[in-house]
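Here is the structure we will look at, set down as structure tokens.
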Amino acid sequence: MKNIVILGSTGSIGRQALDVARRYPDKIRVIGLAAGSNWSLMVEQIGEFKPRVVALAREEAARELARHLPPGERPEIFCGSGGLLALVNSIDDGMVLNALTGTAGLRPTMAALEKGLDVALANKETLVAAGELVMKLARNRGARILPVDSEHSAIWQCLAGQSLKKVEKIILTASGGPFRIGPPDLSRVTVSEALAHPNWKMGKKITIDSATLMNKGLEVMEAHWLFDMDYDRIEVVIHPQSIIHSMVEFVDGSVIAQMGLPDMRLPIQYALSYPDRWPGELPRVNWFAVGELTFEPPDTGRFPCLTLAYSAGRAGGTMPAVLNAANEVAVEAFLSGEIPFTGIYRVVAGVMDEHTVISRPTLEEILAADQWARRVAREKIRR
Ligand SMILES: NC(=O)c1ccc[n+]([C@@H]2O[C@H](COP(=O)([O-])OP(=O)(O)OC[C@H]3O[C@@H](n4cnc5c(N)ncnc54)[C@H](OP(=O)(O)O)[C@@H]3O)[C@@H](O)[C@H]2O)c1
């Protein structure tokens, strides 16, 4: 029986993780749940999974939650900005699945690792903003970071039993998003067009990041830290069918790919079952229905955010945190109709241009750079 704490339980990954837990009641015990404000869904989740502790970041939502729970069924409730950390700090015996969105995931990841807890990591922003500190902390505390992102789960599976020294390069696949083929003028695309991802159903932030290819850039940085790989040895390939989730090329030219249907429950489950694999009923690939697997290079002229992410990764220090924070603000501004789709790149590039990199930053310096980037991004959007 594995004890699991799910941070971001009301989101896309969090709800799918609970679906995995629902399918394996003899293997997974949900002991903690945390989210931002969605108290009504949290009430249902508590009724079904009976966790010991829960947290909601918004105090008002936590009050509503407490009001709507039958007195006999009330877990310990943490709330407010420190609530997530208090929840993680109250756990001694479990794995933390971090499915929060954005930089909000960084401190809880570090708190879990600090306690020596394994972290199943969907929140890629943790590694983008502070990869060096996070990986070092995990090593020092003997805690594992188990990738949940489908691409990184794929690479992890391709590397099973292999030596990292024998890897020539990592090949990250990308669907190409809703605008891979058209329209020619991306400045006029609407929010609902950008949210219509062809293959994956995800939260809004990552869906927009997939449309700009910024998501793939964040994943390049995530792979850099998880697999200790130079940026020159991480290649992005557009693969519109999303059947190959990523590949590893070895020094002898042999390539191993991991495949499956685009269903996040599979990589979530693998992170929870590792090193085991649990038999299950998830849909299987029908090869004849798939028909063909195709590949093309990313069009960095149309999707310059991918190039920005490589350059932030190579610059290192505080630059990836700055890119990430500026991007979060710009995506929110696009979603609320303040800037056009192509404005996302302009905001992020503009903020990066103004940033003076601090190399080997402390956590405080990273968080300060994050706050600075958010402020500058907002000023640019206002102008
Ligand atoms: N969705 C996917 O298929 C997918 C695939 C690969 C990787 N990922 C990564 O997984 C992470 C989660 O993505 P998602 O699509 O699941 O996001 P999502 O649907 O937007 O869900 C985000 C979750 O985080 C909670 N949250 C947000 N800000 C918070 C805060 N300040 N404090 C506490 N809780 C907060 C939300 O709570 P409320 O809703 O209650 O406010 C919600 O439960 C992201 O890093 C994403 O890049 C997602």
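First listed ligand is number 1; within each ligand, the first listed atom is number 1. These values consider heavy atoms only, across backbone and side chains, with no hydrogens, waters or symmetry-generated copies.
- Residue contacts with ligand 1: G8 is placed with a nitrogen or oxygen under 3.5 Å of a nitrogen or oxygen of the ligand (distance criterion only).
- From the protein, the heavy atom lying nearest to atom 22 (C) of ligand 1 is T101 CG2, 3.7 Å.
- Between the choices S40, S37, S150, G11, the shortest heavy-atom distance to atom 41 (O) of ligand 1 belongs to S37.
- Here the protein heavy atom with the shortest distance to atom 12 (C) of ligand 1 is A99 O, 3.3 Å.
- Short contacts between ligand 1 and A35, defined as distances under 4.0 Å to a heavy atom of the residue, involve ligand atoms 33 (C), 34 (N), 37 (O), 40 (O), 43 (O).
- Ring orientation note: the planes of H239 and F295 are close to parallel, at an angle under 30° on the 30°/60° scale.
- Atoms of ligand 1 found under 4.0 Å from any heavy atom of N38, numbered from 1 in the order shown, are 40 (O).
- Among protein heavy atoms, the minimum distance from atom 47 (O) of ligand 1 is reached at K124 CE, 3.1 Å.
- M202 approaches S12 most closely through the heavy-atom pair CA-OG, 3.7 Å.
- A heavy-atom distance below 4.5 Å is found between the side chains of M221 and Y231.
- Under a 4.0 angstrom heavy-atom cut-off, G14 registers as lying outside contact with ligand 1.
- Counting the atoms of ligand 1 from 1 in the order shown, those under 4.0 Å from a heavy atom of G203 are 1 (N), 15 (O), 19 (O).
- Nearest protein heavy-atom neighbour of atom 46 (C) of ligand 1: I206 CD1, 3.9 Å.
- For atom 9 (C) of ligand 1, the closest heavy atom belonging to the protein is A122 O, 3.1 Å.
- Looking only at heavy atoms of the protein, atom 19 (O) of ligand 1 is closest to S12 N, 2.9 Å.
- Under the side-chain contact (heavy atoms from CB on, under 4.5 Å) test applied with L117, the options I91, N3, T109 reduce to a single match, I91.
- Put simply, part of E125 is less than 4.0 Å from ligand 1, judged by heavy atoms.
- In summary, the atoms of ligand 1 found under 4.0 Å from a heavy atom of M264, numbered by their order in the structure, are 3 (O), 5 (C), 6 (C).
- By the neighbour-count criterion of 12 heavy atoms within 6.0 Å, atom NZ of K136 is sparsely surrounded, having that number or fewer from other residues, nucleotides or ligands.
- Distances below 4.0 Å separate heavy atoms of L84 from the following atoms of ligand 1: 32 (N), 33 (C).
- A salt bridge does not link E60 to R63: none of the charged side-chain nitrogens sits closer than 4.0 Å to a carboxylate oxygen.
- In this structure, K205 pairs ionically with D209, as a charged nitrogen and a carboxylate oxygen lie closer than 4.0 Å.
- By the 4.0 Å N-to-carboxylate-O rule, R23 lies too far from E281 to be salt-bridged with it.
- Among all non-hydrogen protein atoms, the one lying nearest atom 43 (O) of ligand 1 is T10 OG1, 2.7 Å.
- Of all the atoms in ligand 1, the ones that sit under 4.0 Å from a non-hydrogen atom of I13 are 1 (N), 2 (C), 3 (O), 4 (C), 5 (C), 10 (O), 16 (O), 48 (C).
- Ring orientation note: the planes of F341 and F334 are nearly perpendicular, at an angle over 60° on the 30°/60° scale.
- Salt-bridge check for D299 with R180: failed, with every basic side-chain N at 4.0 Å or more from each acidic carboxylate O.
- Atoms of ligand 1 lying under 4.0 Å from any heavy atom of A57, numbered from 1 in the order shown and given with element: 32 (N), 33 (C).
- At a threshold of 4.0 Å, the pair R52-D93 counts as salt-bridged, since one of the basic side-chain nitrogens sits closer than that to a carboxylate oxygen.
- V322 pairs in a side-chain contact (heavy atoms from CB on, under 4.5 Å) with only one of the listed residues (D370, V351, N327), which is V351.
- For atom 31 (N) of ligand 1, the nearest non-hydrogen atom of the protein is A104 CB, 3.6 Å.
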